[in-house]
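Scroll down for the structure; my scribbles are underneath it.
Numbers here simply count residues along the sequence, with the first being 1.
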Amino acid sequence: MDPKAVKSDLVLILDFGSQYTHLITRRIRALSVFSLCISGTSPLSSITSLNPKVVILSGGPHSVHSNDSPSFAEGFVDWAQSNGVFVLGICYGLQLLVQRLGGEVRVGEKQEYGRMDIEVEKNCGIFGGKKVGDKQVVWMSHGDEAARLPDGFEVVARSQQGAVAAVEDRGRKFYGLQYHPEVTHSLEGMETLRYFLFDVCGVNAGWKMEDVMDEEIEVINNTVAPDDHVICALSGGVDSTVAATLVHKAIGDRLHCVFVDNGLLRYKERERVMETFERDLHLPVTCVDASEQFLSKLKGVVDPEMKRKIIGKEFICIFDAFAHELEQKVGKKPAFLVQGTLYPDVIESCPPPGSGRTHSHTIKSHHNVGGLPKDMKLKLIEPLKLLFKDEVRQLGRILKVPEPFLKRHPFPGPGLAVRVLGDVTEGNALDIVRQVDEIFIQSIKDAGIYDSIWQAFAVFLPVKSVGVQGDQRTHSYVVTLRAVTSQDGMTADWYCFENSFLKEVSQKICNNVRGVNRVTLDITSKPPSTIEWE
């Protein structure tokens, strides 16, 4: 997708490391306005080439007083002024704007974290729809504060402790909020963003999934020559299936899909997925059984990052071999590989600004982002890489992908390798986690709550505990159950099951899965944890 071809003004987020940055992108897209997020330290050319109408400077964990604190590129302020670009700083972004424009930021006498009342002092600019004296609850998270504003700026709202909560310089189109309007704890935050974008900035809202589909088809056709053939790596998940359906719509039978059984699939996954591909989606799919190849390379490997790298490399070896076979068949070697990379994959595989870390030192390497070998022979086509999961599902509906398939819970590219902690080849760990997962998921479906959960799965722990089964002492494995709710997978909360449901599932697992005598439940949100265990 070419951002410059989107039928909407672009709102560009410069990310300075806030855990909420992705939420800004999501909230803006929910208003039918296209939004992208790039590193806050990106060169000026990366910003200007996108031609944004609005630039938002995100929050972040840094202090502007630190020597290594990240900042926008030199020349950014002059460029924004001379081109009439609106700039909104949020939290750290406000402080950065104040400091770089000649104001003063200092450590606050009273730090502000969590819910806080603010009061409007001037009903203009960003609070033009409010009255002086209006109050609202917002979410604060800062220790520093703006002590002296640059010339041209004025305070338009303060916190209940008297700290600056909102500032603006309407002449230069610079604005700042000390709180986070993007989080739901800021009760009127969405209204504030809407008013700022439409009433203050005059942004044009015209971003629709139908436009995304048309634009992606055009990009694919411009990228793939009329006689080129393309391979698509199908995992059986929503992302790769929608990507394959989209590419198939663009180039027809020149798309050749391959489904790899890497020995790390769920219970009867291969049979179920292949049936769906053939019966419902009518996609040309070849199934390759490479379970022995993958498991032999993973033997003895316990580091989760290393597992992902090995799996990514083996996938590419399979695709290269498949491409060679296809060349013999069609007379021309395929040049492209389609993958269902999503925007959260891209975001999570990038280091936070100011960290000094390289691309691979990250939350996790996705095998379709950070885990691919540098000498890969196939060029990538990633038509979904600027979309979130719920947007991919919208696109899938337009492409007439069956609804039950679109509602499938996400399944990680490395498969059960990240749901078996430790060596996946040791003992019968894979068989155990498959059986436990099948019981758990089927119980969720039987209870009618599958669609209320973003993702649910079982995890095998390389830990044994003492138990009593059949009047005998046992020393068997521990498994844990994980179920979360989320909108886009970037943040998540654990799903609160009924006690009776958990009791029944635990009994089914212990009574039907040999080698398990203890079932635990993961009740951790994201953050601080990730959704998958690794």
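For E154, the CD atom is densely surrounded, since the number of other residues' heavy atoms within 6.0 Å is greater than 12. By the 6.0 Å contact criterion, CD on E498 is open, its count of non-hydrogen atoms from other residues, nucleotides or ligands being 12 or less. Shown here is N499, whose CG atom has no more than 12 heavy atoms of other residues, nucleotides or ligands within 6.0 Å.
Nearest heavy atom pair, residue Y175 against residue G125, reads CE2-CA, 4.3 Å. When all heavy atoms of I398 and M213 are compared, the closest pair comes out as CG2-SD, 3.7 Å. Looking at every heavy atom in both residues, Y179 comes nearest to S186 through CD1-OG, 3.9 Å. The shortest non-hydrogen separation linking S42 to S46 is CB-CB, 4.1 Å. In this structure, A73 and L44 approach most closely via the heavy-atom pair CB-N, 3.6 Å. Taking both residues in full, the closest heavy atoms of G236 and F405 are given as O-CZ, 3.3 Å, listed atom of the first, atom of the second, then distance.
A donor-acceptor pair under 3.5 Å links the side-chain atoms of Q455 to the main chain of P410, judged by distance alone. Although no hydrogens or angles enter the test, the distance criterion places a donor-acceptor pair under 3.5 Å between the side chain of H409 and the main chain of Y450. Judged by distance alone, with hydrogens and angles left aside, the side-chain atoms of D522 form a donor-acceptor pair with the main-chain N or O of T524 at under 3.5 Å. Side chain of E191 to main chain of E188: no donor-acceptor pair is present (N/O by atom type, distance under 3.5 Å, no hydrogens or angles). Side chain of S66 to backbone of D68: no donor-acceptor contact under 3.5 angstrom is found. The backbone N or O of E182 lies less than 3.5 Å from a partner atom in the side chain of R27, making a donor-acceptor pair. Side chain of R158 to main chain of A166: no donor-acceptor pair is present (N/O by atom type, distance under 3.5 Å, no hydrogens or angles).
Between F497 and F501, the ring planes are parallel. Angles under 30° get that label, and only those over 60° would be called perpendicular.
Interatomic distance, CZ of R100 versus CG of L57, reported as 10.5 Å (0.5 Å rounding). Taking CZ of R482 as the reference point, atom CG of L521 lies at 9.0 Å (rounded to 0.5 Å). With values rounded to the nearest 0.5 angstrom, Q136 atom CD is found 11.0 Å from E119 atom CD. Rounded to the nearest 0.5 angstrom, Y495 OH and L481 CG are separated by 14.0 Å. Here the CG-CG distance, from L255 to L283, works out to 7.0 Å after rounding to the nearest 0.5 Å. Between L342 atom CG and D239 atom CG the span is 4.0 Å, to the nearest 0.5 Å.
The only member of Q161, K135, M140 that meets side-chain contact (heavy atoms from CB on, under 4.5 Å) when paired with I118 is M140.
The pair E269-R408 counts as a salt bridge, with a side-chain nitrogen and a carboxylate oxygen less than 4.0 angstrom apart.
For the pair R419 and F457, the distance from NZ or CZ to the six-membered ring centre is under 6.0 Å and the angle to the ring normal is within 45 degrees. The cationic atom of R172 (NZ for Lys, CZ for Arg) does not lie both less than 6.0 Å from the six-membered ring centre of F174 and within 45° of the ring axis. Relative to the six-membered ring of W454, R393 meets both conditions, a distance below 6.0 Å and an angle of at most 45° to the axis.
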*Can you list the steps and then say if V247 with F336 is a side-chain contact (heavy atoms from CB on, under 4.5 Å)?*
CA-CA 11 Å; V247 175; F336 298 94; over 6 Å; no
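Counting only N and O atoms by type, the side chains of D390 and Q394 include no donor and acceptor under 3.5 Å apart. Of the N and O atoms on the side chains of D15 and T21, at least one donor lies less than 3.5 Å from an acceptor on the other residue. A donor-acceptor pair shorter than 3.5 Å cannot be found between the side chains of Q95 and E145. A donor and an acceptor atom, one from each side chain of D144 and S63, are located under 3.5 Å apart. Side-chain contact, S18 with S58: no donor N or O sits under 3.5 Å from an acceptor N or O.
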